[in-house]
Every structure is written in structure tokens, then in C-alpha cells.
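See below for the structure under consideration.
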Amino acid sequence: MTLLDVRGLSVLLPSASGAAVPVVDEVSFAVHSGSVTGLIGESGSGKTMTAMAVIGLLPEGASCSGELWWAGEDLLAADPARRRRARGREIAMIFQDPLAALNPSQTIGRQVGEILRRDGLPRARVRERVLAALERVGVPDPARRIGQYPHQFSGGLRQRAMIALALAGEPRLLLADEPTTALDVTVQARVLDLLRRLRAETGQAMLFVSHDLRVIAHVADEVVVMYAGRVAERGPVRQVFRAPHHPYTRALVESVPAVRAKSVPAEPLPGAPASPLARPAGCAFHPRCPLARDRCRRERPEVRALAPGRHTACHFAEELAAGARP
Ligand code: SF4
């Protein structure tokens with residue numbers, strides 16, 4: 001069942017010159033109940049802004065258009081009070097840097113319990129639920145930890161507390177923005193395992209933002225590959241990574257030894273990502289694309305279905321699907 005249906009979402013941010021810059025451009029995808037959709041792309045691809053638009057936390061001066069269908073209601077058309085109510089209770093977010101996201105002057109217990117207090121739960125019940133939430137995410141000795149401040153937690157424990165905070169309101173959708181990027185490798189693996197376990201236990205739907213293909217391959221069912229603010233390709237993660245239909249996806253996959261097929265040699269992705277301030281005409285990927293031709297420089301490819309569940313924005317996706325290489 002579709003839980004979140006994002007249709008033609010665009011986000012404009014003000015630039016230093018005053019001009020509005022499109023950082024997300026007509027992006028469409030869905031998140032289904034009990035499944036994980038991964039948003040992947042290089043930095044500046046618009047993946048974090050997409051997640052921020054979903055939860056309604058865009059930076060000052062940003063404007064947003066399109067549709068965000070959630071439980072039969074377009075959240076983008078809803079009034080601000082409705083959007084605030086949805087945040088935390090229905091849709092919650094785990095941020096990349098818990099130290100920046102958590103309030104340094106409030107105890108962990110107070111922050112995890114905030115949404116429960118707002119719901120009017122009695123104090124003793126809030127404490128009980130906060131202790132259970134901290135225990136569930138693997139914070140040791142929660143009865144002592146509940147009274148501590150974020151700086152008294154290690155990086156890994158802070159991220160666990162952030163996850164407990166996000167889960168406290170029992171949201172139906174969890175957005176996770178690079179939740180393991182700020183952690184060292186061992187802690188990263190533990191936090192990923194925790195998210196997988198929680199998902200198995202609760203059937204929690206997730207929108208998981210990452211630049212790391214290995215992480216997306218590990219946690220996601222569906223993947224949306226973004227480039228220069230647009231969808232390059234989307235579909236079931238195994239199919240997309242095993243047989244990409246877009247040259248950008250193929251380049252991403254081939255640059256990661258743990259994901260690409262063993263028979264395929266490593267190919268680093270050439271060039272730099274397109275800047276939203278100077279997006280190339282036609283297909284934004286054309287300056288880096290080994291399959292680019294004249295049409296690519298003139299005409300922007302639309303996202304289209306190439307096979308059931310597989311969508312691609314490339315004029316020549318059929319050639320790639322048939323195994324063509326430059
Ligand atoms: Fe490459 Fe052209 Fe496809 Fe863009 S449309 S990805 S430039 S082949």
C-alpha cells in the first residue's frame with residue numbers, strides 16, 4: 001500500500017544573487033507501507049532537500065510546489081498547523097548530525113519525551129515510555145542516561161537517542177538523512193543493524209537518504225537515484241543496482257567494489273556533479289556521460305517507464321538495458 005506519494009515535487013532556494021535556484025526539480029516517487037525507499041546521489045543531488053520538503057523543514061526563503069499525498073491528503077496543500085501535527089507523530093526524521101539536532105541544554109530524557117508530553121501523557125507514563133524507547137534502541141542503563149545531556153553521550157549513543165526520539169511518537173514513516181555518515185565505521189554498522197531490526201519488529205516504512213550505495217543496498221527495497229535535483233532512475237534496489245538503465249546509476253554502481261558485479265572492472269565516476277546554479281542544458285548528466293549525443297545536449301529526458309516498476313530519465317535507456325557500453 002502506498003503510504004507517501006510524492007508527485008512533481010520541486011524546491012527553489014534563494015541564491016546570493018536573489019535568483020531562485022531549483023534544487024529539487026519535479027521529483028516523483030512513492031514509499032510503501034513496511035518498506036524502505038532509498039534516495040541516493042552525490043552531494044548537491046537534491047536528496048536531503050527532498051526529505052526536508054517531505055517533513056516540512058525547508059530552510060528560510062525556500063519555496064516548494066508539487067503534491068505530497070499522505071493518508072489521502074496533500075500535505076503541501078494543508079495548512080501549517082496540520083503539517084506541524086504530522087511532524088513527529090506521523091512522519092519523523094533522524095538527522096545526520098545528532099549533536100546539531102539535539103538541544104544541548106536539555107536532558108536526553110526530556111527531548112525523547114517531548115512529543116509524549118505534548119500528547120498530554122502523565123509524567124510517570126512519559127518516563128516509562130522514554131525508558132522503554134531508550135532501551136529498545138540499545139542505550140545501556142537508560143534509568144541513569146535519561147538525566148544526562150547530549151554531550152555526555154558518545155556519537156553512536158547520541159544517534160541511538162536521536163532514533164529513540166524519532167520513534168517516540170510512533171510515526172508511520174521515518175525519514176533518515178545520512179544517519180550513519182557522522183559515525184565511525186564500527187558504530188555505523190551497529191546503527192544500521194539497529195534500524196534493520198527496528199524495521200523488522202515494527203514494519204516501519206522509511207525514506208533513507210544516503211550517498212553510500214552499500215548502505216542503500218543493505219537497507220532499501222526501492223531506490224530513487226537523483227542527479228542535479230531530478231530523478232535519474234528508480235525501481236527495486238536489487239534490479240536497479242544489478243542492471244542499471246541510466247548511465248549515472250551504472251557509473252555509481254561501477255565505482256563501488258562491494259556493489260558492482262565481480263566481472264565488471266572498477267570505473268571511477270569522471271567529472272564533478274552539476275551545480276544547481278549552472279545546470280547544463282538538455283540532460284544535466286551529459287558532460288559526464290559516455291553515451292551522450294547531440295540530442296542529450298538539446299533535450300531534457302523525461303522520466304519514463306521502461307519495464308514494470310522501473311523508471312528512467314535517459315533518451316537511450318533501452319540501449320543500456322540491452323547491455324550497451326560506450
Ligand atoms: Fe547520457 Fe544522454 Fe542518457 Fe543523459 S540522456 S544519461 S546524456 S545518454
Side-chain angles (χ1 to χ4, degrees), residues 36 48 51-52 54-57 59 84-210 212 215 218-219:
V36 179
T48 292
M52 293 301 220
V54 169
I55 200 162
L57 287 176
R84 271 197 303 279
R85 270 201 316 279
R87 199 178 306 143
R89 283 183 188 82
E90 297 167 43
I91 305 175
M93 187 149 186
I94 305 169
F95 295 91
Q96 184 179 140
D97 181 0
L99 198 54
L102 291 168
N103 184 336
S105 63
Q106 280 188 2
T107 63
I108 292 290
R110 184 158 188 84
Q111 295 183 65
V112 174
E114 187 184 337
I115 196 151
L116 304 173
R117 279 195 306 280
R118 267 199 267 148
D119 281 347
L121 251 65
R123 225 173 129 155
R125 183 82 186 107
V126 171
R127 182 179 163 84
E128 213 175 90
R129 291 261 304 261
V130 171
L131 286 174
L134 290 176
E135 192 163 359
R136 190 162 157 224
V137 299
V139 171
D141 195 3
R144 180 173 65 88
R145 291 292 194 166
I146 199 171
Q148 292 186 329
Y149 292 86
H151 74 268
Q152 294 172 288
F153 276 49
S154 67
L157 280 185
R158 267 197 297 271
Q159 194 52 294
R160 283 174 193 267
M162 180 88 229
I163 295 169
L165 192 159
L167 291 175
E170 297 181 351
R172 293 169 67 199
L173 175 66
L174 199 56
L175 310 184
D177 180 20
E178 307 264 14
T180 57
T181 305
L183 306 173
D184 71 49
V185 178
T186 329
V187 183
Q188 265 184 23
R190 286 198 210 118
V191 170
L192 279 181
D193 283 345
L194 167 66
L195 288 171
R196 275 162 60 98
R197 176 172 61 75
L198 290 172
R199 185 217 165 177
E201 284 171 12
T202 61
Q204 183 91 57
M206 234 187 266
L207 179 61
F208 200 107
V209 177
S210 181
D212 190 333
V215 169
H218 193 61
V219 299

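Note that the coordinates shown come from a computational prediction; the quantities given were computed from them, not determined experimentally.
The side-chain hydrogen bond (donor to acceptor under 3.5 Å, both in side chains) check on Glu90 picks up Trp70, Arg82, with sequence neighbours excluded. Shown here are the side-chain hydrogen bond (donor to acceptor under 3.5 Å, both in side chains) partners of Arg197, two or more places apart in sequence or in another chain: Glu201. Remark: Gln111 engages no residue in a side-chain hydrogen bond (donor to acceptor under 3.5 Å, both in side chains) (not counting sequence neighbours). Applying the side-chain hydrogen bond (donor to acceptor under 3.5 Å, both in side chains) test to Arg196 and every residue at least two apart in sequence or in another chain returns nothing. Evaluation of the salt bridge (charged side-chain N to carboxylate O under 4.0 Å, His left out) rule for Arg87 yields no partner, not counting sequence neighbours.
The shortest heavy-atom contact between Ala164 and Ala133 is CB-O, 3.9 Å. Taking all atoms of both residues into account, the shortest heavy-atom contact from Tyr149 to Pro104 is CD2-O, 3.5 Å. The two atoms that bring Gly113 and Val130 nearest to each other are CA-CG2, 3.5 Å, heavy atoms only. In terms of heavy atoms, Val139 sits closest to Pro142 at O-CD, 3.5 Å. The shortest non-hydrogen separation linking Gln106 to Pro150 is O-CD, 3.4 Å.
Between Leu167 and Leu174, the closest side-chain pair of non-hydrogen atoms falls below 4.5 Å. Contact check for Val209 versus Gln96: no side-chain heavy atoms found under the 4.5 Å cut-off. Contact check for Arg160 versus Pro98: no side-chain heavy atoms found under the 4.5 Å cut-off. Residues Val219 and Leu195 have side chains not in contact (no heavy-atom distance under 4.5 Å, counting atoms from C-beta outward). Between Phe208 and Leu192, some side-chain heavy-atom pair lies under the 4.5 Å cut-off. Taking 4.5 Å as the limit, every side-chain heavy atom of Gln148 sits out of range of all side-chain heavy atoms of Leu157. Within the 4.5 Å cutoff, no side-chain heavy atoms of Val137 are placed close to those of Met162.
With rounding to the nearest 0.5 Å, the separation of NE2 in His218 from CD in Gln188 is 11.0 Å. Once rounded to the nearest 0.5 Å, the distance linking CG of Asp177 with CG of Leu57 reads 11.0 Å. The CD1 atom of Ile163 lies 13.5 Å from the CZ atom of Arg158; values are rounded to the nearest 0.5 Å. Atom CD of Glu135 and atom CG of Asp141 lie 10.0 Å apart (nearest 0.5 Å).
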Return all side-chain donor-acceptor pairs below 3.5 angstrom for residues 114-121, not counting sequence neighbours, or 'none' if the list is empty.
unit_1: Arg117; atom_1: NH1; unit_2: Arg110; atom_2: O; d: 3.4
unit_1: Arg117; atom_1: NH2; unit_2: Arg110; atom_2: O; d: 2.9
unit_1: Asp119; atom_1: OD1; unit_2: Arg89; atom_2: NE; d: 2.7
unit_1: Asp119; atom_1: OD1; unit_2: Arg89; atom_2: NH2; d: 2.8

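Between the Gln159 side chain and the Asp97 main chain, no donor and acceptor come within less than 3.5 Å of each other. Looking at Gln204, its side chain does come within 3.5 Å of a backbone N or O of Pro171 through a donor-acceptor pair.
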(Q) Evaluate Leu102 against Ile108 for side-chain contact (heavy atoms from CB on, under 4.5 Å), listing each step before the verdict. (A) CA-CA 8 Å; Leu102 291 168; Ile108 292 290; 4.1 Å; yes
